[in-house]
Amino acid sequence: MKKIFFLSFYCLLFLQCTSVKKHNEHLNDLIPEKDLRADVDFTYKKLQRLQPKLYWYISKNELDYKFDSLKNTITKPMTSFDFYKKLSPVVASIHQGHLIVTPSLKILSKAEKKALKDKGISPFLQFDFDIINDKMYVIKNKSENKAIKTGAEVIAINNKKISELIPEYNTLFTSDGYNKTFKRKRMSYMLPAFYNNENGIQDSIQYSFKQNDSIHEISIKRKKTERPKANKIKANVAATTVTPTSEQKKKIKKDKSIYGYNEITKTNNRDLKFIEKDSSVALLKIKHFDLGNPNRFYEESFSKMQLNKTKTLIIDLRNNPGGAVNEIANLYSYLSDSTFVFIDPYEVVSKTSLIEKTPFSKYPLLAKILITPFYAPVAYFKVHKADNGKYYSSNSQSKPKPINKNAFKGKIYVMINGGTFSAASIISSNLKGSKRATFVGEETGGAYNGSVAGIMPTIKLPHSEIKIMMGLMVVAPFYKTNPEGRGVFPDKEIIPTISDYINGKDPELNWILEDIRKNPIIPKENLKNENVTLK
């Protein structure tokens, strides 16, 4: 039995290597028109079979027309990448932010990946960018060239103007519904990826920066991350620090595990800190609803707030792209003021759509073969047809849940922006709908009424080998709003300017702190007369 297993494994490995080699050799081949048109039909049929609420933001007639028109424009052979640039805008017209089209790209071998890593940090990753009024600015310089200051405008990359790249790349992806904030925030860090997809991985970039009304042409190469020599490390450690005890090392390791520590950025995925000396104001920063041990983190954090009698909680969900539904439902149990239902049952296309494309699409073939027989019957029997003729998959978060024993009773502020997406937008919808929090910032990138996500397999088009990631479930919060297709709007709109970045200001947080000072929460036991308002 063991021999059969290893023989199967090596056969699969050999076939995979052969397939990769063949893929790379034919990457730029011209694909016949009939095959490209077949891929258009394949795409639309898969969307109709798997994507629920396909016509949420576009009518069937209009989408039919777009796919038919696309086929009619294919009059000559083209490369897979050229076809990708024609297909992506049509798929983007569905207006589902989780629906992502990825071009067929060169697959790197392990040796090539290692060689690339050894070369150092990409010239794109040596800066943090933001798009403001369709212009691209440096908001953080991590390169060795310190002459480039925060606020410098990127005019061009390798002589390609940013003013031309942004509108071109904007057609390749979409937001949820009709909001504009998501695309602006997503473009801030996706532009390098789009550029690399089209031009190959860059080892050196010629930037054109506009700074102090002058244009500077600066070449940025890959930056090697050299490790200091062992003896120098020991000398520095001995001179500046005390070696932690074994107990302290255990605690550090445990904290990193709970907080979701990122070894590359040297930051935690989740953080709680108290702003005022009396711990009356707490700031909860959540970068992503993933990584670490969220259950343990929230249990410890809300216990600390209760112990310190914290009156005001500020939750920072800016640029949080989402994550696990179970985590946001758990967090909401600490924020709600009464028994709650968190989301609706998941709407799906059919009884079998969750089986046709399973969550294991990215798993190795052998793993899929072993797991699917156990997954399929469970997924099938969880789906039922409702009286309205639609299919729904049951989930535990669509049933009434009690609030946590350490639920926060004070005032809540939530900071949001266009990067607040998916799960981060879902919890924002419920906090907004229940009037449990005051929102500061800009409209969320995720739609108020939910999105199509949940299980998100990737399908590969048979001829062009373009990949399309699509959601199989409608994830909708308990609270809804009108109009459809917009995000959660802030109670106080504040959009940072380039001047704020240059001066290191956080205008959203500053406004909240000022609002707290102007409107202090007065403990009930401190009320001296009936005319004082308890906020």
Side-chain angles (χ1 to χ4, degrees), residues 247-248 250-263 265-340 342 397 401-417 419-420 422-432 434 436-441 506 508-509 512-513 515-516 521 523:
E247 289 299 318
Q248 288 172 327
K250 285 180 182 178
K251 186 180 185 308
I252 291 170
K253 186 177 180 181
K254 176 186 170 186
D255 286 347
K256 285 184 176 182
S257 173
I258 294 171
Y259 285 60
Y261 185 75
N262 187 319
E263 293 289 350
T265 62
K266 307 299 181 186
T267 59
N268 291 326
N269 185 46
R270 300 173 195 81
D271 255 321
L272 175 74
K273 66 179 181 180
F274 296 98
I275 295 177
E276 304 293 348
K277 290 181 179 179
D278 61 358
S279 300
S280 61
V281 180
L283 175 61
L284 178 62
K285 169 73 175 176
I286 309 170
K287 294 180 180 178
H288 196 289
F289 289 110
D290 199 359
L291 305 174
N293 187 338
N295 290 348
R296 185 68 177 272
F297 173 79
Y298 296 131
E299 181 183 352
E300 291 184 0
S301 297
F302 283 91
S303 292
K304 286 179 185 176
M305 284 184 264
Q306 192 173 74
L307 184 65
N308 287 292
K309 298 181 179 178
T310 302
K311 300 180 181 68
T312 305
L313 172 61
I314 306 168
I315 304 174
D316 189 352
L317 296 181
R318 292 172 296 182
N319 300 317
N320 184 319
V325 170
N326 285 342
E327 179 179 344
I328 57 173
N330 180 36
L331 173 57
Y332 191 74
S333 73
Y334 288 94
L335 304 174
S336 179
D337 53 10
S338 61
T339 299
F340 64 93
F342 191 66
Q397 307 305 341
K401 294 287 181 70
I403 62 173
N404 193 281
K405 63 179 181 180
N406 288 329
F408 186 73
K409 302 293 195 301
K411 186 168 184 177
I412 301 172
Y413 292 87
V414 181
M415 293 188 285
I416 53 174
N417 65 8
T420 307
S422 193
S425 190
I426 294 289
I427 191 170
S428 297
S429 301
N430 281 336
L431 287 169
K432 180 79 169 180
S434 63
R436 187 66 185 92
T438 299
F439 285 79
V440 179
D506 187 334
E508 299 102 309
L509 182 58
I512 291 172
L513 295 176
D515 192 60
I516 292 170
I521 297 176

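In terms of heavy-atom proximity, S279 sits nearest to T310 at O-OG1, 2.9 Å. Minimum heavy-atom separation, Q306 to K405: NE2-O, 3.9 Å.
Contact of the L317 side chain with the I427 side chain is registered, since non-hydrogen atoms from C-beta on lie closer than 4.5 Å. At a threshold of 4.5 Å between non-hydrogen side-chain atoms, the residues R318 and D506 count as touching. For the pair I426/V325, no side-chain contact is recorded, criterion being any heavy-atom separation below 4.5 Å from C-beta on. Between T420 and S428, some side-chain heavy-atom pair lies under the 4.5 Å cut-off. Within the 4.5 Å cutoff, no side-chain heavy atoms of K287 are placed close to those of N262. You'll find the side chain of I512 stays beyond 4.5 Å of the side chain of V281, heavy atoms only.
Within 6.0 Å of NZ on K309 lie no more than 12 heavy atoms contributed by other residues, nucleotides or ligands. In K266, the NZ atom is crowded: over 12 heavy atoms of neighbouring residues, nucleotides or ligands sit closer than 6.0 Å.
Taking CG from N404 and CG from N330, the interatomic distance works out to 7.0 Å, rounded to the nearest 0.5 Å. Atom NZ of K285 is separated from atom CD1 of I315 by 12.5 Å, given to the nearest 0.5 angstrom. Taken from CD1 in I258 to CG in N269, the straight-line distance is 13.5 Å, to the nearest 0.5 Å. Taking OG of S422 as the reference point, atom CD1 of I328 lies at 7.5 Å (rounded to 0.5 Å). With values rounded to the nearest 0.5 angstrom, Q397 atom CD is found 9.0 Å from S333 atom OG. Here CG of N319 is found 13.5 Å from CD1 of I286. Values are rounded to the nearest 0.5 Å.
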Does the pair E327 and R270 meet the rule for a salt bridge (charged side-chain N to carboxylate O under 4.0 Å, His left out), with working shown?
CA-CA 12 Å; E327 179 179 344; R270 300 173 195 81; 3.0 Å; yes

Evaluate side chain to side chain contact (heavy atoms under 4.5 Å, CB included) for I314 paired with I516, printing each intermediate quantity in order.
CA-CA 11 Å; I314 306 168; I516 292 170; 4.2 Å; yes

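Remark: the backbone N or O of L335 is paired with a side-chain donor or acceptor of R436 at under 3.5 angstrom. Judged by distance alone, with hydrogens and angles left aside, the side-chain atoms of N417 form a donor-acceptor pair with the main-chain N or O of G419 at under 3.5 Å. With hydrogens and angles ignored, the 3.5 Å screen pairs a side-chain donor or acceptor of N430 with a backbone N or O of F342.
Listed by first and then second residue, the ring pair (Phe, Tyr, Trp, His ring centres under 6.0 Å) pairs involving residues 269-292 amount to none (not counting sequence neighbours).
The only option from L509, T312, D316 that meets the side chain to side chain contact (heavy atoms under 4.5 Å, CB included) definition with Y413 turns out to be T312.
For F302, the ring pair (Phe, Tyr, Trp, His ring centres under 6.0 Å) partners two or more places apart in sequence, or in a different chain, are Y334. With sequence neighbours left out, E299 forms a salt bridge (charged side-chain N to carboxylate O under 4.0 Å, His left out) with no residue at all. Judged as a side-chain contact (heavy atoms from CB on, under 4.5 Å), and not counting sequence neighbours, the contacts of I403 are S336, F340, A407. Remark: Y298 engages no residue in a ring pair (Phe, Tyr, Trp, His ring centres under 6.0 Å) (not counting sequence neighbours). The salt bridge (charged side-chain N to carboxylate O under 4.0 Å, His left out) check on D271 picks up nothing, with sequence neighbours excluded.
The existence of a salt bridge linking K304 and E300 is excluded, since no basic side-chain nitrogen approaches an acidic carboxylate oxygen closer than 4.0 Å.
When only modelled atom types and interatomic distance are considered, D278 and S280 share a side-chain donor-acceptor pair under 3.5 Å.
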